[in-house]
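These notes concern the structure reproduced below.
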Protein chains: 2
Amino acid sequence: MGLPDDAAEARAQGWRTLAALHARIEDELERALQKQHGLSVSEYSVLDVLARQDDYHLRMNQLSNAVVLSQSATTRLVNRLEDRQLLQRYLCPTDRRGIYTEVTQAGRDLLEQAEPTHDAVLTAALEKAAELPELAPLVDALDNLPLKV
Amino acid sequence: MGLPDDAAEARAQGWRTLAALHARIEDELERALQKQHGLSVSEYSVLDVLARQDDYHLRMNQLSNAVVLSQSATTRLVNRLEDRQLLQRYLCPTDRRGIYTEVTQAGRDLLEQAEPTHDAVLTAALEKAAELPELAPLVDALDNLPLKV
DNA sequence: GCGCTATGATTGCTCATGCAATCAGTCAGA
DNA sequence: TCTGACTGATTGCATGAGCAATCATAGCGC
């Protein structure tokens with residue numbers, strides 16, 4: 001139980017742990033993906049999110065929500081990927097304000113190449129984090145997260 | 001158990017959950033702290049980390065490690081805070097390559113003002129996240145994280 | 001059908017970040 | 001004491017991000 005302040009401090013500490021773990025993992029992913037596949041973490045996320053859609057496409061709007069970026073950042077991110085022909089844009093036929101983005105075959109190929117790197121780095125980063133006493137509990141919790149069906 | 005691929009997918013999903021929760025919380029913290037106290041999340045973190053040191057100071061090096069930023073980013077971050085007189089730099093007396101940063105009274109005051117905002121936004125963000133089925137399990141796990149003594 | 005408001009995406013601008021190069025100070029070895 | 005390798009911090013440069021303004025299309029109310 002404890003005082004209200006304890007609850008606040010507990011939340012703050014949980015957040016610091018979360019933030020620290022996140023930053024460390026993202027840092028390593030960023031370096032590895034950049035170096036080995038020329039992808040940033042955001043770029044990887046976009047390709048990954050799109051590839052996991054049933055029909056490989058999404059609106060800009062949904063995309064920026066999925067990767068938690070601003071609309072403008074999403075526009076430019078999609079620009080970069082489109083320039084590299086990893087995805088395509090096309091107008092939504094029923095609402096011409098909307099624009100769909102769709103991974104291309106090249107995008108899926110690159111993603112397939114990058115996945116092993118992503119997983120390896122993620123695994124290594126989690127193992128390293130598990131050795132730090134302040135991060136270990138969260139790593140554990142992450143391992144035991146119930147899976148989506 | 002399952003195949004190795006399942007393990008990889010589980011880790012990836014855990015990471016996506018972590019990243020999504022982190023991004024959402026950080027987003028809200030950033031806006032609120034910026035608007036109400038003129039602080040970015042990084043800036044708040046620096047003040048917070050320093051204030052939680054026994055003697056309120058840390059080397060640049062340790063600081064960049066604590067907030068997970070590059071050295072150069074840390075230099076500039078400290079510059080900004082020093083310009084606002086929220087912290088001070090001073091040479092390490094025993095090794096003049098090293099530079100200590102120390103929160104000033106003004107920094108501690110500002111931090112004290114910002115803390116309630118920080119906690120309120122954090123609490124709200126966690127509650128909101130707990131309503132999303134894909135984030136709820138992690139929020140739960142965070143609540144049950146063992147506390148540092 | 002005609003405006004008016006709302007929604008979706010893009011652009012201009014500014015700024016924080018990372019990498020690589022650099023500068024300053026330390027320390028070991030000749 | 002001097003030299004060279006090393007560590008700690010800062011600067012030059014390029015880039016990705018957010019905010020606010022803008023443009024294009026939809027769709028409602030008259």
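The structure presented is a predicted model; accordingly, all values stated were derived computationally and were not measured.
- Contact annotation for Ser42(A): backbone-only contact, meaning every heavy-atom pair under 4.0 Å involves sugar-phosphate atoms and none involves a base.
- In this structure, the side chain of Thr104(B) engages the main chain of Gln85(B) through a donor-acceptor pair within 3.5 Å.
- Relative orientation of the Tyr90(B) and Tyr100(B) rings is tilted, given thresholds of 30° and 60° on the angle between their planes.
- Atom CG in Asn65(A) sits roughly 16 Å away from atom P in dT7(C) (whole-Å rounding).
- Distance, Leu91(A) CG to dA26(D) C1': 14 Å, rounded to whole Å.
- Spacing between atom CD of Glu30(A) and atom P of dG16(D) amounts to 10 Å, rounded to whole angstrom units.
- Along DNA chain C, the nucleotide closest to Asp27(A) and the one closest to Thr74(A) are compared, and the more 5′ of them pairs with Thr74(A).
- When the P atom of dG16(D) is taken as reference, atom CG of Leu39(A) falls 12 Å away, rounded to whole Å.
- Atom CG in Asn79(B) sits roughly 14 Å away from atom C1' in dT17(C) (whole-Å rounding).
- In the set dA9(D), dT17(C), dT10(C), dT17(C) carries the atom at the smallest distance from any side-chain atom of Arg76(B).
- Nearest nucleotide to the Arg96(B) side chain, out of dG18(C), dG25(C), dA20(D): dG25(C).
- Taking atom CE of residue Met60(B) and atom C1' of nucleotide dT10(D), one finds them 9 Å apart after rounding to whole Å.
- Atom pair Tyr100(B):OH and dA9(D):C1' shows a separation of 15 Å (rounding to whole Å applied).
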